[in-house]
Amino acid sequence: VQLQASGGGLVQAGGSLRLSCAASGITLSSYAMGWYRQAPGKQREFVAATNWSGLTTYYEDSVKGRFTISRDNAKKMVYLQMNSLKPEDTAIYSCAASLYGLTRQQSTYDYWGQGTQVTVSS
């Protein structure tokens, strides 16, 4: 099983980025998918999650209205569209797969990707 996150980079505050997570070795439609982030010196935190179909989503309060999680099970891809980025969004963003179902709890995720760096300058 491999989850490969990409799309990170350096962007100015107010800008946008689209992160992608490519899954291999799993039947993506069997898994809820989540995005987490970890800033320097901080614990990893939940950002967003989607159920197997993409019809139900959860967001961390600080990203609601700015970030959108989506998925394409046929392409085995999960996306995180990030708009109106703020310096406090700077972190390494990782995708994760949960057979348990739609969840915010890190402990229920079975597989994790390696992460992609997002840096937002002020």
Side-chain angles (χ1 to χ4, degrees):
V1 176
Q2 188 173 17
L3 300 175
Q4 183 76 37
S6 62
L10 174 63
V11 63
Q12 288 188 331
S16 297
L17 283 174
R18 187 195 196 202
L19 305 185
S20 298
C21 175
S24 59
I26 59 173
T27 301
L28 190 63
S29 58
S30 296
Y31 291 81
M33 296 296 295
W35 285 96
Y36 284 78
R37 67 186 179 186
Q38 187 167 19
K42 295 187 177 181
Q43 292 188 335
R44 184 165 58 189
E45 66 173 1
F46 171 78
V47 176
T50 176
N51 75 328
W52 71 273
S53 68
L55 294 180
T56 304
T57 55
Y58 288 162
Y59 294 95
E60 194 267 329
D61 286 346
S62 69
V63 308
K64 284 181 181 177
R66 300 189 298 122
F67 291 10
T68 302
I69 187 171
S70 62
R71 63 191 295 160
D72 185 331
N73 288 335
K75 294 182 178 179
K76 291 192 172 184
M77 296 292 294
V78 182
Y79 306 100
L80 185 68
Q81 177 67 44
M82 306 187 296
N83 299 327
S84 302
L85 283 161
K86 304 176 181 180
E88 52 263 43
D89 295 318
T90 295
I92 297 173
Y93 285 70
S94 301
C95 55
S98 172
L99 194 57
Y100 173 82
L102 184 60
T103 175
R104 303 172 187 265
Q105 297 180 6
Q106 296 185 42
S107 60
T108 59
Y109 282 85
D110 304 283
Y111 303 108
W112 291 83
Q114 88 294 350
T116 184
Q117 176 71 49
V118 172
T119 303
V120 184
S121 63
S122 58

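Both Val63 and Met33 belong to a single network of hydrophobic side chains, linked directly or stepwise wherever heavy atoms of I, L, V, M, F, W or Y lie under 4.5 Å apart. When the side chains of ILVMFWY residues are joined at heavy-atom separations under 4.5 Å, either directly or via intervening members, Leu3 and Val118 end up in a single hydrophobic cluster. Residues Tyr31 and Leu102 are members of separate hydrophobic clusters, defined by side-chain heavy-atom contacts under 4.5 angstrom among Ile, Leu, Val, Met, Phe, Trp and Tyr. Hydrophobic cluster membership is shared by Ile69 and Leu99, with clusters built from Ile, Leu, Val, Met, Phe, Trp and Tyr side chains linked at under 4.5 angstrom. Side-chain heavy atoms closer than 4.5 Å link hydrophobic residues (I, L, V, M, F, W, Y) into clusters, and following such links, possibly through other members, connects Leu85 to Leu19.
Within the 3.5 Å criterion, the main-chain N or O of Ala91 finds no donor-acceptor partner in the side chain of Gln38. Of the possible polar contacts, none joining the Arg18 side chain to the Gly7 backbone as a donor-acceptor pair under 3.5 Å is found. Remark: side-chain polar atoms of Lys86 are not paired, donor with acceptor, to backbone N or O of Val120 under 3.5 angstrom. A donor-acceptor pair under 3.5 Å links the side-chain atoms of Gln106 to the main chain of Arg44, judged by distance alone. Distance alone, capped at 3.5 Å, is enough to place a donor-acceptor pair between the Arg71 side chain and the Asn51 backbone.
Between Ser84 and Arg66, the shortest heavy-atom distance links the atoms O-NH1, 2.9 Å. Ser122 and Pro87 make their closest contact through CB-CG, 3.8 Å (heavy atoms, listed as atom of the first residue, atom of the second, distance). Of all heavy-atom pairs spanning Arg37 and Ser62, the tightest one is NH2-OG, 3.4 Å. In plain terms, the two heavy atoms of Gly25 and Lys76 that are nearest each other are N-NZ, 4.5 Å. Contact record, Tyr59 with Ala48: CD2-CB, 3.6 Å, taken as the closest heavy-atom pair. Tyr93 approaches Val47 most closely through the heavy-atom pair CE2-CG2, 4.2 Å.
Considering CD1 of Ile92 and OG1 of Thr119, their distance stands at 9.0 Å, rounded to 0.5 Å. Annotation: the span from Met77 atom CE to Gln4 atom CD amounts to 10.0 Å, rounded to 0.5 Å. How far CD of Gln117 is from CG of Leu10: 9.5 Å, rounded to the nearest 0.5 Å. We find the CG-OG distance between Asp72 and Ser20 to be 11.0 Å, quoted to the nearest 0.5 Å. Separation of atoms OG1 (Thr116) and CG (Leu17) is listed at 8.5 Å; rounding is to 0.5 Å. The CH2 atom of Trp35 sits 14.5 Å away from atom CD of Glu45, with the distance rounded to the nearest 0.5 Å.
By the 4.5 Å heavy-atom criterion applied to side chains, Tyr100 and Gln105 are not counted as neighbours. Put simply, the side chain of Val11 does not reach to within 4.5 Å of the side chain of Met82, judged on heavy atoms. When side chains are defined from C-beta on, Gln81 does not count as touching Ser70, because their heavy atoms never get closer than 4.5 Å.
Judged by distance alone, the side chains of Thr103 and Ser98 never bring a donor and an acceptor atom under 3.5 Å apart.
Scored by the ring-ring contact (aromatic ring centres under 6.0 Å, His included) test, Tyr36 finds Phe46, Tyr109, Trp112 as partners (sequence neighbours excluded).
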